[in-house]
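So the structure is just underneath, and the comments pick up after that.
Owing to the predicted nature of the structure, the values given are computational and were not obtained by experimental measurement. Letters go in sequence order (proteins before strands), and every chain restarts at 1.
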Amino acid sequence: MWLPSQPQRGVLPGFNLTLGYTLLYMGLIVLIPLSAVFLKATQLNWEQFWAITTAPRVLASYRLTFGAALIAALINTVAGVVIAWALVRYAFPGKRLVDAMVDLPFALPTAVAGIALTALYAHNGWIGGLLAPLSITVAFTPLGVLVALIFISMPFVIRTVQPVLEDLEPEVEEAAASLGATRWQIIYRIILPTLRPAVLTGFTLAFARSIGEYGSVIFIAGNLPMVSEITPLLIVAKLEQYDYRGATAIAVVMLVASFVLLLLINLLQWWSRQRQSG
Amino acid sequence: MTMATSASVATDWLPHRATTEPPAVRRLIIGLALVFLTLFLFVPLAAVFYEALRKGFGVYIAAITDPYALSAIRLTLLCAAIAVPLNLVFGVMAAWAIAKFQFPGKSVLITLIDLPFAVSPVIAGLIYVLMFGAQGWLGPWLAAHDLKVIFAVPGIVLATVFVTFPFVARELIPLMEEQGVEEEEAALVLGASGWQTFWRITLPNIKWGLLYGVVLCAARAMGEFGAVSVVSGHIRGLTNTLPLHVEILYNEYNFAAAFAVASLLTLLALVMLVVKTFVARLKVEKGE
């Protein structure tokens, strides 16, 4: 049989059209507008940029935003592994409903989440009323920011861990058990190391989502400068005073943080693919 | 089949403790998971409807049929009606180029498509203010031609397009990569044109993934708050979308009305979850 000596180029049409359109549309909608932030920032010299982005009120907002995002991501990591475990490994009534509802924070508009959580955690709300006798105030304090961030970033770890847990071959655990391993040894030595890339990816996604969050937080935070004011709100506050340079400078700091996290997420996903194939 | 049977036979003698947890631990884990989800998921959801109907059904109906609420609904639907088709066409084009062809820089392109997810919604609004605002790059030109983008409907549409940009592409790329190119190549070899191949082969294969991407895109388009809030200017009856209307009512201490409007958006979110579950089940039934 005769075969062409050259490797055949794909016969599918439309490569130039679709790639060209993709690049054009992405350039117009995403890349050119985003570059406007960096270009605008070049109107500032280094001292001005530094003075805006390290002002005490701005530093306080970084501490709150990044601190609350970190704690929320950690809480959701522990809760996410427990929930994913329960959903994959055990049977309980209402499991399918619970599984479907896990994505609610992705689907619910952030403003709705914000007012619902505020109503719940206000001193006369269902949960706030229970916490008031313990003199714990959640609404209109930094704790409120944490509650909002826990809500909006909840599904990430669950949804990254769940498929890995489902794919875990029971034979591996059975082999370990037949070789005399205890349940704890199997969990620590076999299951948790397998889950590690997925857990880290979910954690980073949750953290990245939380630092940019605006809608749900502003209702419950109280927005007190130096106390409960998040960085995205500061950008809005500067815009409302027509301080475009100030808003841009802070936006550059946030964007750089987001890009670093995006890079990290890509590396983590590459790592977990390597693990799965290797 | 025989492998599976022999494996289960082989495990019968194993100490059961080592491959699962004792019942008490199991109950504890399920309990912890349900308590956490109840506290942070189900109770807030119930609160929306409780607060919305607290002042009675009459107040609820009045809130959602108020002229300002109706104009907010119209604007929200208009934004979605523009943003979804634009991102649908983009998503299909991008997925075709990425999934059906090999080219250098592909993984960079996939990362760039995800970029709008990594950007804070507030910054998504800011970038268009810097482009089209009074002090922006195109501001003077727009003013000279009596065009308004920021604090007007076009700005709201642009911000919505930005935040919903990745949804359809993200659903389709892995799906089309998985399906490969054999079926399309076969159709072309048998004499079908490129368009015929796309409509008769590719589209039927991706329709459920496409539907899910569109639903996600539409839900986010109608629910977006931060980005739209920055570019809207909050003019009642003119540049107010549903989520912004919720904010205005809430800040006026008109809680029952705010939650009534919020309950419409919550129903939309629940519809999205139903479609997602439905599509996922179809996938399982089709064996993949």
Side-chain angles (χ1 to χ4, degrees), chain A residues 10-15 18-19 21-22 25-26 29-30 33-34 36-37 40 79 82-83 85-86 90 92 98 100-101 103-104 107-112 115-117 119-120 126 150-151 154 173-174 177-178 181-183 186 208 212 214-215 232 235-236 239 244 247 251 254-255 258 262 266, chain B residues 11 14-15 17-19 21 26 29-30 32-33 36-37 40-41 43-44 47-48 51 90 93-94 96-97 100-101 111-112 115-116 118-123 126-128 130-131 135 161-162 165 181 184-185 188 194 219 223 225-226 230 243 246-247 250 258 262 265-266 269 272-273 276-277:
Chain A
V11 291
L12 260 58
F15 177 66
T18 53
L19 187 68
Y21 182 81
T22 299
Y25 184 75
M26 186 163 71
I29 296 291
V30 179
L34 268 180
V37 175
K40 181 81 182 173
V82 170
I83 293 167
W85 186 275
Y90 305 143
F92 54 91
V98 170
M101 290 296 290
D103 283 323
L104 181 72
L108 197 68
T110 53
V112 177
I115 64 169
L117 291 171
L120 280 178
W126 291 346
I150 290 175
F151 178 83
M154 182 196 304
E173 284 173 63
E174 282 159 10
S178 70
T182 65
R183 187 62 188 154
I186 293 173
Y214 174 74
I235 297 177
V236 173
L239 269 178
Y244 290 124
M254 295 290 290
L255 274 180
S258 301
L262 188 64
N266 273 295
Chain B
T11 53
L14 282 175
R17 276 180 302 147
T19 48
E21 289 74 40
R26 254 188 269 183
I29 291 176
I30 294 172
L32 282 175
F36 188 85
L37 288 172
F40 285 100
L41 209 69
V43 174
V48 172
E51 297 282 342
F90 160 74
M93 293 264 210
W96 183 270
K100 305 287 183 193
F101 299 93
T111 305
L112 286 177
L115 212 52
V119 171
S120 171
V122 168
I123 295 175
L126 170 75
I127 60 178
Y128 292 107
L130 293 179
M131 292 269 293
Q135 301 181 19
V161 171
F162 181 93
F165 177 85
V181 294
E184 280 86 357
E185 280 176 352
L188 288 163
F225 175 76
V230 170
V246 170
E247 185 199 18
Y250 190 84
L265 291 165
T266 308
M272 196 200 108
L273 294 184
K276 187 198 159 129
T277 312

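The candidate with the highest count of non-hydrogen atom pairs below 4.5 Å against chain B, out of A:Asn266, A:Leu117, A:Leu104, is A:Leu104. Counting heavy-atom pairs closer than 4.5 Å to chain A, the top residue among B:Glu247, B:Gln135, B:Glu184 is B:Gln135. Note on A:Phe151, A:Tyr90, A:Trp85: by heavy-atom pairs under 4.5 Å with chain B, the leading option is A:Tyr90. With respect to chain A, the highest number of heavy-atom pairs below 4.5 Å among B:Leu37, B:Thr266, B:Leu41, B:Leu32 belongs to B:Leu41. Looking only at heavy-atom pairs under 4.5 Å with chain B, the residue among A:Pro33, A:Ala251, A:Gly14, A:Pro13 that has the most is A:Pro33. Across B:Ile30, B:Leu126, B:Thr111, B:Leu265, the residue that shares the most heavy-atom pairs under 4.5 angstrom with chain A is B:Ile30. Interface remark: of the candidates B:Ala262, B:Pro243, B:Gly194, B:Gly226, B:Ala262 forms the most heavy-atom pairs closer than 4.5 Å to chain A. Note on B:Leu130, B:Val48, B:Leu112: by heavy-atom pairs under 4.5 Å with chain A, the leading option is B:Leu130. With respect to chain A, the highest number of heavy-atom pairs below 4.5 Å among B:Val246, B:Ile29, B:Val230, B:Thr277 belongs to B:Ile29. Heavy-atom pairs under 4.5 Å with chain B peak, among A:Leu255, A:Leu239, A:Ile115, A:Thr22, at A:Ile115.
Atom-to-atom distance recorded for B:Phe101:CZ and A:Leu12:CG is 5.0 Å, nearest 0.5 angstrom. To the nearest 0.5 angstrom, B:Glu51 atom CD is 7.0 Å from A:Trp126 atom CH2. One finds the NZ atom of B:Lys100 at 9.5 Å from the CD atom of B:Glu185 (value rounded to the nearest 0.5 Å). One distance of note links CD1 of B:Ile123 with CD1 of A:Ile235; it measures 4.5 Å at 0.5 Å rounding.
Heavy atoms of A:Ala208 lying under 4.5 Å from chain B are absent altogether. Interface remark: A:Met154 contributes side-chain atoms only to the contact with chain B (heavy atom separation under 4.5 Å). With a 4.5 angstrom heavy-atom cutoff, A:Ile150 touches chain B only via side-chain atoms. Within the 4.5 angstrom heavy-atom criterion, only side-chain atoms of A:Leu120, from C-beta onward, approach chain B. Using a 4.5 Å cut-off between heavy atoms, B:Phe90 contacts chain A through both its backbone and its side chain. Of the atoms belonging to A:Leu108, heavy atoms from both backbone and side chain fall under 4.5 Å from chain B. Only the side chain of B:Leu188 comes within less than 4.5 Å of a heavy atom of chain A; its backbone N, CA, C and O stay farther away. If you measure heavy-atom distances from B:Tyr250 to chain A, the contacts under 4.5 Å come from the side chain alone.
For the pair A:Ser258 (side chain) and B:Val119 (backbone), a donor-acceptor distance under 3.5 Å is absent.
When all heavy atoms of A:Gly215 and A:Thr110 are compared, the pair lying nearest together is CA-OG1, 3.6 Å. Contact record, A:Pro232 with A:Gly212: CG-O, 3.8 Å, taken as the closest heavy-atom pair.
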- Show your reasoning for whether side chain to side chain contact (heavy atoms under 4.5 Å, CB included) applies to B:Phe162 and B:Ile127. CA-CA 10 Å; B:Phe162 181 93; B:Ile127 60 178; 3.6 Å; yes

- Go through the steps for B:Val161 and B:Tyr128 under the test side chain to side chain contact (heavy atoms under 4.5 Å, CB included), then give the verdict. CA-CA 11 Å; B:Val161 171; B:Tyr128 292 107; 5.9 Å; no

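Residues A:Met26 and B:Phe165 have side chains in contact (heavy-atom distance under 4.5 Å, counting atoms from C-beta outward).
By the 30° and 60° cut-offs, the orientation of the rings of B:Phe36 relative to B:Phe40 is tilted.
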